[in-house]
Amino acid sequence: MRPAGNARHRPPKTMSNDPERGYRPAAVEQKWQEAWERDGTNTLTADELRSAESPFYNLMMFPYPSAEGLHVGNIYAFTGADIHGRYKRMTGHTVFQPMGFDAFGIHSENFALKVGTHPMELIPRNVANFTRQLRRTGGMFDWQHTVDTTDPGYYKWTQWLFLQLFKAGLAEHKEAPVNWCPSCMTVLANEQVIAGACERCGTPVEQRRIKQWFFKITRYVERLLENLDHIDWSETTLKAQRNWIGRSEGGELRFPVARRNGDRWEPTDQVVPVFTTRPDTVFGATYVVLAPEHPMVDVVTTPEAQAAVRDYQARTAATDLVARQKADKTKTGVFTGGRCINPATGEPVPVWIADYVLMEYGTGAIMAVPGHDERDFEFATELGLPIVRVVAGEGQQADTPLDEAYTDNRNGRLVNSGRYDGLPVDEAKSAIVNDLAKEGLGELRVNYRLHDWCVSRQRYWGPPIPIIHCPSCGAVPVPEYDLPVELPAVDDFRPDDSGVSPLARVEDWFRVPCPECGGEARRETDVSDNFLDNSWYFLRYPSTDFEDRPFDPEITRQWLPVDTYIGGNEHAVLHLLYSRFTTMALHDLGHLDFEEPYIKFRAHGLIIREGSKMSKSKGNVIVPDPIIEDYGADTFRLYLMFLGPFSEGGDYQDTGITGPHGFVHRLWESVVPKDGELPDTPPDPDVEQKLHQTIRQLSEQIPALQYNTAIAAMMEYLNVARAGGRRPSRAEVEPLVCLVAPFAPHVAEELWQRLGHEGSIFDGANWPTFDPAKAAESTVQVAVQVNGKLRGTVSVAPGTAEADLVALAKAEANVAKHLEDVQVRKVIHVPDRLLNFVVG
RNA sequence: GCGAAAGUGGCGGAAUUGGUAGACGCGCAAGAUUUAGGAUCUUGUGGCCGUUGGCCGUGGGGGUUCGAGUCCCCCCUUUCGCACCA
């Protein structure tokens, strides 16, 4: 298969002896995939990892190995990332590009339940199929450093990670109201609840109180937010993270609970704290609203109101979150009979409960300012509560009626607010909070939307949480030498409605002695969240050669943080935020010397077809295998990248693939002519100029992931080299073989070999260098306009002076015609581009 | 509702960031070569008209400019996030 001898350039006569002169993608691709495998072209040994001089860690989001197999979206993402990696390699980097499988989690488990096959049987099958398909796509994957999150050798370290966080006080076991999906029968993180429904199955989520493990990600919230200013990520992703963290500045104001004394209301020691971003409007707080499940409800509710309050609480609990969180539904609530003292006015205000106030945000209680908050306005209008104006905008007075909430928080001044009257809104905010603070009735506060990360799952298909509950010692970590806590193989892995994990049914597994006191104890029977598995996998890849440590310090210093991470924006918040947190925590615990895992992240777009996302329900899914069979992976890769900008995705059109297919054929035919031989003559100057312009363009656009225009440039170049049936020479096509290699690696290897080279085109920095002198245009077309309208063009040497250009332009018949009988008032000259006569 | 991005031929999409709109590809038309090929090659292809020329044309309307797909204002549409977050 490999050419004999060590000549870099073998004479083309060897090719005329070759019976295989036609391009047969399947044969070429199989040949090179086998060669890469055999020669270890894409793998790095432990020594190579340790000693690489210019390491480049090219990471892409590893897939969940579904039973359906690799879909076009996977191939699209991986191809875009693979091109990046291959380019880096051809420009002299040692590229580490691993691939793995994120095979734990509800997704896999649900599918296993559906088809009635045990995941331990199903997953290896899927992984094998994925691996086969991934090889076929021609990705430069290092299969010696692969990761499977369900492998005990991997999840041993996932459990280790849990224990590190536990020992650092970053894991907490507490009873909490949680999102419960009645269909998946499991707890979901807030992030997995989309508009009140389960992200996976769309079932409305209920609320339950269960003991859960939480990671205290909120301790890192400020750093997670601040670092966003310094990392090189897609703008859309940064924005999504900022939104998700949801920082808002405001104040916590305390409303003392009031007690009736005769006909007066007096403050008690108990307070209802509220969070507000508008402390300036506190004089307009005419009532207080608690979330129905707020602990203070029982304190403020009067005996007369109790029945109504209980009833409302019960109804709320029964209402699922979808219905509850519909912003457009009419607001409801009931009066508790109790009152609080408005800390600013000293007046008693009624306390209500209403389901539009959410327990999870802020303090679970609000001061309602109907005059200046739309939701409060709506509620007050519906229930006949007083509305007071405390901010007046331009042209408004203290008594200007409010027929809707006035929410402008920039231009108003305070009214009806005692000694704060006349202050602008922003000044009043701090003044009021500071004054209340002196009385212990308030303080500045920053609130976040982000919650602690709930990591326990009452499911089967995940790594058991490595904790042993002992009646006398409490929650005891499993000693590291006992890791992994292996997931037992059990036939009945179905979750049930009890809220406990299926593992809680496996008594001989969970009954263990306490590692500390030796007494009877019980394993934690929850498994950990899938997002924990993938929050650290990139640390594992380069260190899979080691079984005795999660990641080797030296290797990690050499390869991390990840140089480029490419993936879908659907993971913009969850996976990317959690893995940042994990990395930060490991950094603080002394395991890593960096705190941000990915230097550069780029989100890719989505492939759509017939105007919408590919989905089974729409029946517009493209199955990759037959396309690869018909056209070859090289053509498929080119086509996917040619559809549109990689960052934006593209519209898959079935007939379009013939374009790139023809391009590959023409390239092949140019290097391996059907008849005769590849000319070894010097390059044509015009073709050479175009070549160097193309090299320049690709060298700029590939690192920027602008693949669609890069491919267009290569097509353009080949069109020039073959214009008018011309036969290009070796010097003209050989560099193109290198340029196309990241996109179409198999055909590039084959042509490289047929050009007489030994070994892989990817070994050695074979990316062509461009010569600016050769790329320079010898003549430029200058547009000639009269009053901004194109009237002709002149062809001149670059840098031609304006005076010469004017003379040439005026000599153009059509330009002259438009300059007749008019006076040239002004000439606009853009060197080498345009000349505009302004006439009048 | 809020936020972001985007609207360019029959279609996917280009356009050096204010300077010849429609690169490249699909599709279509005509031809060459093959005539088992989704192979190859040539030419044409935004619309309209008086066709060596001209007018119109980048969702709609206004504006800035010698010059606007690109900048500004208003409106419409689509897609994607967030969604009673106080």
Is A:Asn243 near enough to B:A4 that one of its side-chain N or O atoms lies under 4.0 angstrom from OP1 or OP2? no

Of the nucleotides B:A86, B:A4, B:C84, which has the atom closest to the A:Asp355 side chain? B:C84

Sugar-phosphate, base or nothing in reach of A:Leu643, heavy atoms under 4.0 Å: sugar-phosphate

Do the ring planes of A:Phe646 and A:Tyr707 sit parallel (below 30°), tilted (30 to 60°) or perpendicular (above 60°)? tilted

Centre of A:Trp244's six-membered ring, under 6.0 Å away, within 45 degrees of the axis: is that where NZ or CZ of A:Arg449 sits? yes

Of the listed nucleotides (B:A15, B:A39, B:U20), which one gets closest to any side-chain atom of A:Thr709? B:A15

Indicate yes or no: does A:Asp355 engage A:Lys331 in a salt bridge with an N to O separation below 4.0 Å. no

Report each atom pair, protein N/O against N/O of nucleotides 54-58 of chain B, whose distance is under 3.5 angstrom.
from, atom 1, to, atom 2, distance (Å)
B:G54, OP1, A:Asn814, OD1, 3.2
B:G54, OP1, A:Asn814, ND2, 3.1
B:C55, OP1, A:Arg791, NH2, 3.3
B:C55, OP2, A:Arg791, NH1, 3.2
B:C56, OP2, A:Lys789, NZ, 3.4

Could you work out the separation of B:A39 and B:A14 based on their P atoms and round it to a whole Å? 26 Å

State the syn/anti category of B:G31 according to its glycosidic angle, syn meaning within 90° of 0. anti

Check this for me, if you would: do A:Glu732 and A:Arg726 make a salt bridge, where the nitrogen-to-carboxylate-oxygen distance has to be below 4.0 angstrom? yes

Minimum-distance nucleotide to A:Pro645 side chain [options: B:A86, B:G25, B:A14]: B:A14

Base, sugar-phosphate, or nothing for A:Thr655, non-hydrogen atoms under 4.0 angstrom? sugar-phosphate

Across the strands shown, which category fits A:Val289 at heavy-atom distances under 4.0 angstrom: base, sugar-phosphate, nothing? nothing

Phosphate oxygens OP1/OP2 of B:A14: is one of them under 4.0 Å from a side-chain N or O of A:Asn708? yes

Is it true that a side-chain atom of A:Thr635 and a backbone atom of A:Gly632 form a donor plus acceptor pair closer than 3.5 Å? no

Is the distance between the ring centroids of A:His665 and A:Tyr23 less than 6.0 Å? yes

Say you pick atom C1' in B:G13 and the same atom in B:G61; how far apart are they, in whole Å? 27 Å

Atom CG of A:Asp651 and atom P of B:U78: how far apart are they, to the nearest Å? 18 Å

I need the CG-P distance between A:Asn787 and B:G19, as an integer number of Å. 19 Å

Pick one for B:U78: is it syn, with its angle within 90° of 0, or anti? anti

Rounded distance in Å - CG (A:Asp630) to P (B:G38): 11 Å

Compare the minimum distances between each of B:A86, B:C84, B:A39 and the side chain of A:Thr277, then state the nucleotide with the smallest one. B:A86

Mapping A:Val782 and A:Ala240 to their closest nucleotides on RNA chain B, which lands nearer the 5' end? A:Val782

Heavy-atom nearest pair, A:Arg791 first then A:Val786, reads CG-CG2, 3.8 Å

When the C1' atoms of B:C71 and B:C80 are compared, how many Å lie between them, rounded to an integer? 26 Å

Within 6.0 angstrom of A:Glu812 CD, more than 12 heavy atoms from elsewhere: yes

Consider only side-chain N and O atoms of A:Arg602 and A:Ser647, and report whether a donor and an acceptor are under 3.5 Å apart. no

Under 4.0 Å, counting only non-hydrogen atoms across every strand here, what does A:Gly662 touch: a base, just sugar-phosphate, or nothing? sugar-phosphate

Please pick, from B:C26, B:C84, B:U20, the nucleotide with the shortest atom-to-atom distance to any side-chain atom of A:Leu834. B:U20

First of A:Ile711 and A:Val780 reached from the 5' end of RNA chain B, by closest nucleotide: A:Val780

Classify the nucleic acid contact of A:Asn719 as base, sugar-phosphate or nothing, counting any heavy atom under 4.0 Å across all strands shown. sugar-phosphate

Expressed in whole Å, how much space separates the C1' atoms belonging to B:C11 and B:G18? 29 Å

Return the value, rounded to whole Å, for the distance between atom CZ of A:Phe642 and atom C1' of B:C11. 13 Å

Across the strands shown, which category fits A:Gln785 at heavy-atom distances under 4.0 angstrom: base, sugar-phosphate, nothing? base

Hey, what's the ring geometry for A:Tyr652 with A:Tyr639, parallel, tilted or perpendicular (30° and 60° as the breaks)? perpendicular

Looking at every strand, decide which applies to A:Tyr631 at a 4.0 Å heavy-atom threshold: base, sugar-phosphate, or nothing. base

Run the salt-bridge test on A:Glu443 and A:Arg445 with the 4.0 Å N-O cut-off and return the result as yes or no. no

Between A:Phe601 and A:Trp233, what is the ring plane arrangement, given parallel below 30°, perpendicular above 60°, and tilted in between? tilted

From the set B:G19, B:G25, B:C24, return the single nucleotide nearest to any side-chain atom of A:Ile828. B:G19

In whole Å, what separates the C1' atom of B:C76 from that of B:G9? 22 Å

When rounded to the nearest Å, what value does the distance between P atoms of B:A23 and B:U8 take? 16 Å

May I ask you to verify if any side-chain N or O of A:Arg833 is less than 4.0 angstrom from the OP1 or OP2 atom of B:U20? yes

To the nearest Å, how far apart are A:Phe377 CZ and B:A86 C1'? 17 Å

In whole angstrom, what separates A:Glu669's CD from B:U34's C1'? 13 Å

Calculate the interatomic distance between A:Leu238 atom CG and B:G81 atom P; express it in whole Å. 18 Å

Among B:C26, B:C66, B:G13, which is the nearest nucleotide to the side chain of A:Thr658? B:C26

Out of B:A4, B:A23, B:U20, which has the shortest distance to the side chain of A:Ala712? B:A23

With distance as the sole test, does A:Ser234 use its side chain to make a donor-acceptor pair with the main-chain N or O of A:Ala603 at under 3.5 Å? yes

Please check the phosphate of B:A5 (OP1 and OP2 only) for any side-chain N or O of A:Thr236 closer than 4.0 Å. no

If only side-chain N and O atoms of A:Arg449 are considered, is one of them under 4.0 Å from the OP1 or OP2 phosphate oxygen of B:A83? yes

How far does the C1' atom of B:C82 sit from the matching atom of B:G69, given to the nearest Å? 31 Å

Taking the C1' atom in each of B:U58 and B:A21, what is the distance between them to the nearest angstrom? 8 Å

Does B:U17 sit syn or anti, given that only angles within 90° of 0 count as syn? syn

What base-paired stems does RNA chain B take part in, with at least 3 consecutive Watson-Crick or G-U wobble pairs and both distances under 3.5 Å? B:1-7 with B:76-82, B:10-12 with B:24-26, B:27-32 with B:40-45, B:46-49 with B:53-56, B:59-63 with B:71-75

When you measure from the side-chain N and O atoms of A:Arg722 to the phosphate of B:C41, is any distance below 4.0 Å, counting only OP1 and OP2? yes

A:Tyr312 and A:Thr332 side chains, donor-acceptor separation under 3.5 Å: yes

Which whole-number value in Å describes the distance from A:His829 NE2 to B:U20 P? 14 Å

